[in-house]
Colleague: 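One structure, pasted below without further comment.
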Amino acid sequence: MSIKQNLQHIKSTLPEHVTLVAVSKTKPVSDLMEAYNAGQRIFGENKIQEMADKHAEMPKDIEWHMIGHVQRNKVKYMANFVSLIHGVDSFKLLQEINKQAKKYDRTIDCLLQIKIAEEDSKFGMSVNDASTLLQSDEFSELKNIKVVGLMGMATFTDNMKQVEQEFNFLNSTFSDLKNSNPDLEIKSMGMSGDYQLAINCGSTMIRVGSSIFGVRNYNK
Ligand SMILES: *Cc1c(COP(=O)(O)O)cnc(C)c1O
């Protein structure tokens, strides 16, 4: 199936309140343009340089989402255009995003990444750390960022019961934190293999790559 057909198929299955981020990492601009011409306007990348290059080349009505782990020294390369940063996992990173956003007189929307997986390799904050951060005075002083939700990545496993538990955990964490932080709106969870499950568990934003663009080839 073509990129356009894949997109149409996925979109036809999504409830209205769920936003589709087309994860285009490693894919050439020609593939992204196929998705763009099929109506897709939100793209997710996990490398800042690659995202900046694609942003420079492509139409300016695209929303660029940074979905990967962010190094503080690279925030400056996306601060002028990024729409949403999914993987914020420390106060220091938020401070840097705030500082760079201020230079462009912008407010950058961010999601806090919560560690929901068992694996040590997955980044993210504990619920306690996220809660403490959101209630701190230092946080309330950052005027050029806005935390608009949470992001989570489930364990890489075929055990769907476990994945479901992890998604449910993010969902209940969201509800708890939203009580004192009404700005929280977005739950970013679910990828090609598990987005239907994620939606059933309350996801409002799914990040789908290979089901749209085909498998990724990292050794080109
Ligand atoms: C690559 C990636 C995805 C998309 O993965 P697929 O399985 O190709 O849909 C989603 N989220 C993050 C954080 C990623 O790095």
Colleague: How long is the span from the NZ atom in Lys146 to the CG atom in Leu111, to the nearest 0.5 Å?
Modeller: 12.0 Å

Colleague: Looking at every non-hydrogen atom in both residues, tell me the closest pair between Ala79 and Ala101 and how far apart they are.
Modeller: CB-N, 4.3 Å

Colleague: How many angstroms lie between atom CD of Glu138 and atom CG of Leu94, to the nearest 0.5 angstrom?
Modeller: 12.0 Å

Colleague: Should we say atom NZ of Lys74 is surrounded by more than 12 heavy atoms from elsewhere, each under 6.0 Å from it?
Modeller: no

Colleague: I want to check something: taking the side chain as every heavy atom from C-beta on, are Phe139 and Ile145 in contact at a cut-off of under 4.5 Å?
Modeller: yes

Colleague: May I ask you to decide if Met205's main-chain N or O and Thr19's side chain share a donor-acceptor pair within less than 3.5 Å?
Modeller: no

Colleague: If Ile, Leu, Val, Met, Phe, Trp and Tyr residues are connected whenever their side-chain heavy atoms lie under 4.5 Å apart, and connections chain through other members, are Ile48 and Leu32 in the same group?
Modeller: yes

Colleague: Using the ring of Phe213 (Phe, Tyr or Trp, six-membered ring only), decide whether Lys27 places NZ or CZ under 6.0 Å from its centre and within 45 degrees of its axis.
Modeller: no

Colleague: Quick one: does any side-chain atom of Lys187 pair with a main-chain N or O of Gly202 as donor and acceptor, under 3.5 Å?
Modeller: yes

Colleague: Give a yes or no on whether the backbone of Ser140 and the side-chain of Lys143 come within a donor-acceptor separation of less than 3.5 Å.
Modeller: yes

Colleague: What closest approach, in Å, do Met189 and Ala198 show between heavy atoms, and which atom pair accounts for it?
Modeller: O-CB, 3.3 Å

Colleague: Kindly work out whether a path of hydrophobic side-chain contacts (I/L/V/M/F/W/Y, heavy atoms less than 4.5 Å apart) joins Leu133 to Leu142.
Modeller: yes

Colleague: Determine whether Cys110 and Ile97 make a side-chain contact, defined as any pair of heavy atoms from C-beta on separated by less than 4.5 Å.
Modeller: yes

Colleague: Applying the side chain to side chain contact (heavy atoms under 4.5 Å, CB included) test to Arg207, which of Leu20, Val23, Asn46 qualifies?
Modeller: Val23

Colleague: Carefully, step by step, assess His65 and Glu63 under the rule side chain to side chain donor-acceptor pair (under 3.5 Å).
Modeller: CA-CA 7 Å; His65 289 201; Glu63 270 187 39; 3.2 Å; yes

Colleague: With the threshold set at 4.0 Å, does a side-chain nitrogen-carboxylate oxygen contact exist between Lys54 and Glu50?
Modeller: yes

Colleague: With no hydrogens and no angle check, is any side-chain donor or acceptor of Ser172 less than 3.5 Å from a backbone partner on Phe169?
Modeller: yes

Colleague: I would like to know whether Ser210 and Arg216 meet side chain to side chain donor-acceptor pair (under 3.5 Å); could you show each step before the answer?
Modeller: CA-CA 7 Å; Ser210 41; Arg216 286 176 294 274; 4.6 Å; no

Colleague: Could you go step by step and tell me if Glu34 and Gln40 meet the side chain to side chain donor-acceptor pair (under 3.5 Å) rule?
Modeller: CA-CA 9 Å; Glu34 246 184 275; Gln40 184 64 25; over 6 Å; no

Colleague: Do Asn98 side-chain atoms and Asn144 backbone N/O form a donor-acceptor pair below 3.5 Å?
Modeller: yes

Colleague: Can you confirm whether Glu185 sits close enough to Thr204 that some side-chain heavy atom of one is under 4.5 Å from a side-chain heavy atom of the other?
Modeller: no

Colleague: Would you please say whether a donor-acceptor pair under 3.5 Å links the side chains of Asn200 and Gln196?
Modeller: no

Colleague: Under a 4.0 Å threshold between the charged nitrogen and the carboxylate oxygen, would Lys161 count as salt-bridged to Glu164?
Modeller: yes

Colleague: For the side chain of Asn181 and the backbone of Lys178, is there at least one donor-acceptor N/O pair under 3.5 Å apart?
Modeller: no

Colleague: Which pair of non-hydrogen atoms, one from Ala154 and one from Val163, has the smallest distance, and what is that distance?
Modeller: CB-CG1, 3.8 Å

Colleague: Run Leu134 and Val147 through side-chain contact (heavy atoms from CB on, under 4.5 Å) and show every step you take.
Modeller: CA-CA 9 Å; Leu134 290 170; Val147 173; 4.1 Å; yes

Colleague: Evaluate whether atom NZ of Lys11 has more than 12 neighbouring non-hydrogen atoms of other residues, nucleotides or ligands under 6.0 angstrom away.
Modeller: yes

Colleague: Nearest 0.5 Å, please: how far is OG in Ser24 from CG in Asp31?
Modeller: 9.0 Å

Colleague: Between Leu184 and Leu112, does a side-chain contact (heavy atoms from CB on, under 4.5 Å) hold up when you go through it step by step?
Modeller: CA-CA 10 Å; Leu184 299 183; Leu112 294 185; over 6 Å; no

Colleague: Under 3.5 Å, side chain of Arg72 to main-chain N/O of Glu96, donor-acceptor pair present?
Modeller: no

Colleague: Nearest 0.5 angstrom please: Thr13 OG1 to His9 NE2, how far?
Modeller: 5.5 Å

Colleague: Report whether Ile42 and Ile199 are members of the same hydrophobic cluster (ILVMFWY, side-chain heavy atoms less than 4.5 Å apart, transitive linking).
Modeller: no

Colleague: Is Leu197 close to Phe167 at the side-chain level, that is, under 4.5 Å between some pair of heavy atoms?
Modeller: yes

Colleague: Taking a hydrophobic cluster as the set of Ile, Leu, Val, Met, Phe, Trp and Tyr residues connected by side-chain heavy atoms closer than 4.5 Å, whether directly or through intermediates, do Ile108 and Met78 fall within one such cluster?
Modeller: yes

Colleague: Leu177 and Ser131: which non-hydrogen atoms are nearest, and at how many Å?
Modeller: CD2-CB, 3.7 Å

Colleague: Do Ser180 and Gln135 pass the side-chain contact (heavy atoms from CB on, under 4.5 Å) test, and can you show the C-alpha distance, the side-chain angles, and the key distance before you say yes or no?
Modeller: CA-CA 8 Å; Ser180 37; Gln135 283 167 35; 4.0 Å; yes

Colleague: Say whether Phe43 and Val18 are linked into one hydrophobic cluster, either directly or through other cluster members, by side-chain heavy-atom distances under 4.5 angstrom.
Modeller: yes

Colleague: Determine whether Val127 and Ile114 make a side-chain contact, defined as any pair of heavy atoms from C-beta on separated by less than 4.5 Å.
Modeller: yes

Colleague: Keeping the roles fixed (side chain from Arg41, backbone from Tyr36), state whether a donor-acceptor pair exists under 3.5 Å.
Modeller: yes

Colleague: Does the side chain of Gln100 come within less than 4.5 Å of Asn80's, by heavy atoms?
Modeller: no

Colleague: Just by distance, do the side chain of Asn6 and the backbone of Ile212 share a donor-acceptor pair under 3.5 Å?
Modeller: yes

Colleague: Does the side chain of Ile10 come within less than 4.5 Å of Ser211's, by heavy atoms?
Modeller: yes

Colleague: Assess whether side-chain contact (heavy atoms from CB on, under 4.5 Å) is satisfied between Glu57 and Asp53, documenting all intermediate values.
Modeller: CA-CA 6 Å; Glu57 246 184 90; Asp53 291 346; 5.5 Å; no

Colleague: Has Asp61 got more than 12 heavy atoms of other residues, nucleotides or ligands less than 6.0 Å from its CG?
Modeller: yes

Colleague: What class does the angle between the rings of Phe81 and Trp64 fall in, given that below 30° is parallel, 30 to 60° is tilted and above 60° is perpendicular?
Modeller: perpendicular

Colleague: Which of these passes side chain to side chain contact (heavy atoms under 4.5 Å, CB included) with His86: Met153, Met151, Met66?
Modeller: Met151

Colleague: Would the number of heavy atoms belonging to other residues, nucleotides or ligands and lying under 6.0 Å from NZ of Lys60 be above 12?
Modeller: yes

Colleague: To the nearest 0.5 Å, tell me how far Ser203 OG sits from Leu150 CG.
Modeller: 11.5 Å

Colleague: Using a 4.5 Å cut-off on heavy atoms from C-beta on, say whether the side chain of Met125 contacts that of Ser90.
Modeller: no

Colleague: Hey, could you give me the CD/CG distance between Glu118 and Asn159, rounded to the nearest 0.5 Å?
Modeller: 9.0 Å

